[in-house]
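Counting starts at 1 for both ligands and their atoms, following the listed order. All values reported here derive from a predicted model rather than from experimental measurement.
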Amino acid sequence: MISSNQITNFLTIDVEDYFQVHALSKVIKPEQWNNYECRVEKNIYYILDLLDSITPSNFGNSRATFFILGWIAERYPKLVKEIHRRGHEIASHGYGHQLISSQTSKEFQRDIQHAKRILEDLTGEEVIGYRAPTYSITKETLWALDILLEVGYKYDSSIFPIRHDYYGMPSVPRFPFVWNLGQGNNPKIESIYENKAKMYLTNKAMILEFPMSTVTICNHRFPCSGGGYFRILPYLFTRMCLDRINNEGKSFIFYLHPWELDPGIPVIKNLSLLSKFRTYVNLSRTKSRFKKLLTDFNFMPLKTFLLPLEN
Ligand SMILES: [Zn+2]
């Protein structure tokens, strides 16, 4: 089933390995990452092959935005080139996968600049999109937006417009909008669909934001855009949410991590019950759900959202 009103939906993949997720960060430190078996390459090839093999009726194969961690790109340069060769968008997930709130502005700048350079050197193409580790742009870390612009990113997809223990900004709009940073210390939110739509592309003080998808039920926002929510809730719930968002005339943004399709990732000891649940729940069900999603809907990379604005 393809959205009847021809709305473009977006697919995003955060390219990192299981030992880098925030839920495990109390047990596995970055200096220990090299000690763990990397499974990301195999899992990304699985996703690439799946995207090439599933063609929803009357539509072409889906294409995605891959937010790639610089640490992974350095170790798997061929993988980055292959993602690019198969027609997907290369975007940045930063270099070292640390929460923005745990970095100084200088450290953050170095991290996102380093990742951008690695990716651009591999593909020869400008990287314009960024996603923060663990959606860590919040009210407390809005300073990061200025640095994203300074370094040359044009859009951000790092905000979950809900309340959550790690992340969340329930006050921002549910759908793509523009941050106007030329407003002193308080970035101003402007609608993308009003007169600022074209302006932001050339205006150095504006950055486009793609918040993660939510549905509103009884005035409450519920996350439904992928990741753990996709693993925990039945597939029909995701499909219903996607339809509901498209019926509002808006695009759905889906995200997944390669390790979420891999029930063979090692079981890490000494995790809290919550971290264990968040990381391992329903890993064996994700592949079949993801196949259904790709069969039912067509997806595009986030950068295609910009094309109508450029014309
Ligand atoms: Zn991540």
Side-chain angles (χ1 to χ4, degrees), residues 10-30 32-34 36 38-41 43-44 47 64-76 79-80 83 88-103 107-108 111-112 114-116 118-119 127 129-138 141 144 148 153 155-160 162 164-169 209-213 223 225-232 253-262 265 268 271 274-275 277-281 283 286 290 301-302:
F10 300 103
L11 176 61
T12 67
I13 307 288
D14 293 357
V15 183
E16 67 195 36
D17 223 327
Y18 61 96
F19 48 80
Q20 296 169 318
V21 305
H22 182 69
L24 307 191
S25 63
K26 282 201 177 114
V27 178
I28 304 175
K29 303 292 168 204
Q32 298 170 307
W33 287 353
N34 274 323
Y36 288 85
C38 280
R39 298 174 70 94
V40 68
E41 192 181 26
N43 290 329
I44 289 293
I47 293 174
T65 296
F66 286 75
F67 289 101
I68 305 174
L69 202 61
W71 192 94
I72 296 285
E74 251 179 8
R75 282 154 182 83
Y76 298 98
L79 184 64
V80 177
I83 297 169
H88 303 286
E89 178 186 5
I90 303 294
S92 161
H93 196 29
Y95 182 86
H97 211 261
Q98 300 306 300
L99 296 183
I100 297 181
S101 55
S102 71
Q103 301 178 61
E107 285 167 342
F108 178 67
D111 180 277
I112 60 170
H114 189 191
K116 193 171 189 290
I118 293 171
L119 297 169
V127 166
Y130 173 75
R131 173 167 292 156
T134 325
Y135 297 103
S136 57
I137 292 192
T138 63
T141 54
L148 283 174
Y153 290 97
Y155 76 79
D156 175 62
S157 183
S158 308
I159 294 178
F160 234 118
I162 57 160
H164 184 277
D165 53 347
Y166 291 165
Y167 48 71
M169 249 186 117
E209 183 68 48
F210 292 101
M212 302 318 296
S213 290
S225 52
Y229 307 108
F230 186 59
R231 285 183 285 129
I232 292 165
I253 300 174
F254 184 82
Y255 77 95
L256 201 66
H257 301 91
W259 55 266
E260 291 184 287
L261 296 158
D262 182 2
I265 61 170
I268 306 297
L271 296 178
L274 184 60
S275 296
F277 177 74
R278 280 177 170 159
T279 310
Y280 295 100
V281 66
L283 291 178
T286 324
F290 191 45
L302 286 172

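Residues passing the salt bridge (charged side-chain N to carboxylate O under 4.0 Å, His left out) test with Arg278 are Asp165, sequence neighbours excluded. Legend: residues meeting side-chain hydrogen bond (donor to acceptor under 3.5 Å, both in side chains) with Asp262, ordered by chain and number and at least two apart, are Arg39, Asn43. Gln20 pairs by the side-chain hydrogen bond (donor to acceptor under 3.5 Å, both in side chains) definition with nothing, not counting sequence neighbours.
For Asp14 and Arg131, the salt-bridge test passes: some basic side-chain N is under 4.0 Å from an acidic carboxylate O.
Around the Zn ion (ligand 1), protein N, O or S atoms at less than 2.8 Å comprise Glu16 OE1, His93 NE2, His97 NE2.
A distance of 5.5 Å separates CD1 of Ile118 from OH of Tyr95, quoted to the nearest 0.5 Å.
Judged by distance alone, the side chains of Ser92 and Tyr153 do bring a donor and an acceptor atom under 3.5 Å apart.
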